[in-house]
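All values below come from the heavy atoms of this structure, side chains included, with hydrogens, waters and symmetry mates left out.
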Amino acid sequence: MKLKTLLSIILVFFITCIYSQEVSIDGTYNGRNLFVLNPTESSGFCVSEVKVNGQKTKDELNSNSFEIDFSLLKIETGQHVHVQIFHKINCKPSIINPEVIQENLKFNFLNAKVNRKGFLCWDIQGMLSDGEFTVEQFRWEKWVKAAVLKPQDTVSLNNYAQEISPNTAQNLFRIKFTDKKGKETISKEIKYTLPGKEIMIVSEKIKDRIAFSFVTMYEIIDESGNLLLQGNDKYVDTSSLTKGKYFVNYDNKTEAFSKR
C-alpha cells in the first residue's frame with residue numbers, strides 16, 4: 001500500500017513538472033485578439049492550457065497556431081487582462097502580436113554601455129510597437145546616424161549590441177527608438193573614451209582620393225553645406241568631385257581642402 005501511494009505521488013509530481021511552465025502577459029483589451037505560435041512536441045502540441053484573468057479559455061489549442069478570443073470570455077474593451085499560457089517543459093510558445101494589448105505600455109532603456117569589444121550594448125524593458133532603433137553619435141557639433149536596427153519580438157526583455165566606430169578620445173552616443181507614428185524615445189547619453197593615436201589626413205595633395213592615418217567615419221561637404229560623400233574607411237575616392245573648396249569631417253575634427 002505504501003509503495004502504491006509513493007508511486008502515485010511520484011506520478012503526480014512528474015505530470016505537474018511536465019505542465020509546470022508558463023508564459024504570461026498583462027495588458028488592456030482593445031478589441032483585438034492575441035495570436036500564439038504553438039510548436040509541436042513529442043506527445044502533441046506545446047500548449048496545454050490558457051487562462052485569462054484566471055478563467056480557462058475556450059480556444060482550440062491542438063494546432064501550430066491559435067487565437068486567444070477574448071470575446072468568448074465576455075472581456076470588455078478597456079478591461080485589464082492577465083493572460084497565462086501553460087506549456088510543457090521542453091518547448092515554449094510565442095505570442096505573435098503582444099502589442100495589441102500593450103500599445104500604451106512604456107519601455108525603458110537599461111544598461112547602455114560600450115563593451116571591451118567595441119560594441120554598444122543595451123537592454124530594453126517593456127513592449128515595443130512597430131518601429132526601429134537608431135544609434136547616433138555626436139560628431140562635428142551634431143548627432144550623426146551610426147546604425148539602424150529593427151526590434152526583436154518579445155514579451156519582456158530584449159538585448160541588443162551594435163558595433164560602433166568611435167573617434168579617438170571622448171565619444172558620446174545615444175539610442176533612439178522611433179515608432180510607426182513617428183514618436184521618439186531617446187536613451188541617456190553614453191560616454192566612451194577611446195585611447196589611441198590621433199587620426200590625421202596623410203595625403204599631400206588631394207586629387208582623386210583622401211588618405212587617413214587610420215579607418216574613420218567621414219563626411220565630405222561643399223561650401224554650401226551639401227553632403228556629398230560619407231562612409232567609414234581609411235581612404236575616400238574623391239574622383240567624382242569637381243574642382244573647388246570642400247570640408248571633410250572625420251574622427252573628431254573638421255578640415256578644409258581644395259580639389260585641384
### Query
Stepwise, does the side-chain contact (heavy atoms from CB on, under 4.5 Å) test hold for N252 with T168?
CA-CA 7 Å; N252 56 5; T168 51; 4.2 Å; yes

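- Considering every non-hydrogen atom in both Q170 and N167, the closest pair reads O-OD1, 3.1 Å.
- The main-chain N or O of S239 is found under 3.5 Å from a side-chain atom of D237 such that the two form a donor-acceptor pair.
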### Task
Please report the C-alpha distance between I221 and L227 in whole Å, then the side-chain angles of each, then the deciding distance to 0.1 Å, and finally whether the side-chain contact (heavy atoms from CB on, under 4.5 Å) criterion is met.
CA-CA 5 Å; I221 300 170; L227 177 63; 4.3 Å; yes

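- Both W122 and V114 belong to a single network of hydrophobic side chains, linked directly or stepwise wherever heavy atoms of I, L, V, M, F, W or Y lie under 4.5 Å apart.
- Counting heavy atoms from C-beta outward, N232 and V215 have side chains that approach closer than 4.5 Å.
- Both I25 and V47 belong to a single network of hydrophobic side chains, linked directly or stepwise wherever heavy atoms of I, L, V, M, F, W or Y lie under 4.5 Å apart.
- Closest approach of K145 and T134 over heavy atoms only: CG-CG2, 3.7 Å.
- Of the inter-residue distances, the one linking L120 atom CG with S187 atom OG reads 8.0 Å to the nearest 0.5 angstrom.
- Residue K245 places its NZ atom among 12 or fewer non-hydrogen atoms of other residues, nucleotides or ligands, all under 6.0 Å distant.
- Taking every heavy atom of both residues into account, E132 and K150 meet most closely at OE1-NZ, 3.9 Å.
- Note: the hydrophobic cluster containing W143 does not contain F177 (ILVMFWY, side chain heavy atoms under 4.5 Å, direct or indirect links).
- Distance check, rounded to the nearest 0.5 Å: CD1 of I210 to OH of Y246 gives 10.5 Å.
- In terms of heavy-atom proximity, I85 sits nearest to V36 at CD1-CG2, 3.9 Å.
- No donor-acceptor distance shorter than 3.5 angstrom exists from the side chain of K88 to the backbone of E41, with no hydrogens or angles considered.
- Residue F70 is grouped with residue V100 when hydrophobic side chains (ILVMFWY) are merged at heavy-atom distances under 4.5 angstrom, including chains of intermediate members.
- Hydrophobic clustering of Ile, Leu, Val, Met, Phe, Trp and Tyr side chains at less than 4.5 Å, counting indirect connections, keeps L194 apart from M200.
- Applying the ring pair (Phe, Tyr, Trp, His ring centres under 6.0 Å) test between Y250 and each of Y218, Y235, F212, W140 identifies F212 as the sole match.
- Separating the NZ atom in K51 from the OG atom in S24 is a distance of 13.0 Å, to the nearest 0.5 Å.
- In this structure, N97 contributes its side chain and F35 its backbone to a donor-acceptor pair below 3.5 Å.
- Between the side chain of D59 and the main chain of D69, a donor-acceptor pair closer than 3.5 Å is present.
- Formation of a donor-acceptor pair under 3.5 Å by the D251 side chain with backbone atoms of K253 is not found in this model.
- Smallest separation of non-hydrogen atoms from T28 and V81: N-CG2, 4.3 Å.
- R139 has no carboxylate O lying under 4.0 Å from a charged side-chain N of E219, or vice versa, which leaves the two without a salt bridge.
- Side chain of N64 to main chain of P39: no donor-acceptor pair is present (N/O by atom type, distance under 3.5 Å, no hydrogens or angles).
- Contact check for I68 versus N33: no side-chain heavy atoms found under the 4.5 Å cut-off.
- Residues L172 and K191 form a side-chain contact, since some pair of their non-hydrogen atoms from C-beta on lies under 4.5 Å apart.
- Remark: L149 CG to F133 CZ distance equals 8.0 Å, nearest 0.5 Å.
- The backbone N or O of K207 sits less than 3.5 Å from a side-chain atom of K259, completing a donor-acceptor pair.
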#### Entry: Worked verdict on M217 versus V144 for side-chain contact (heavy atoms from CB on, under 4.5 Å)
CA-CA 10 Å; M217 184 184 291; V144 177; 4.2 Å; yes

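- Between the side chain of N38 and the backbone N or O of L61, at least one donor-acceptor pair lies under 3.5 Å.
- Between N53 and Q79, the closest side-chain pair of non-hydrogen atoms falls below 4.5 Å.
- The CG atom of D233 sits 14.5 Å away from atom CZ of F214, with the distance rounded to the nearest 0.5 Å.
- The closest donor-acceptor contact from the side chain of D222 to the backbone of S224 lies under 3.5 Å.
- Minimum interatomic distance between S203 and I206 (heavy atoms only, all atoms of both residues): CB-CG1, 4.2 Å.
- Atom CZ of residue F138 and atom CG of residue N171 lie 12.0 Å apart, to the nearest 0.5 angstrom.
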### side-chain contact (heavy atoms from CB on, under 4.5 Å) assessment of V52 paired with V83
CA-CA 5 Å; V52 177; V83 179; 4.2 Å; yes

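- Put simply, the side chain of L73 reaches to within 4.5 Å of the side chain of T57, judged on heavy atoms.
- Of the candidates E189, E136, E184, R174 forms a salt bridge (Lys or Arg N to Asp or Glu O under 4.0 Å) with just one, namely E136.
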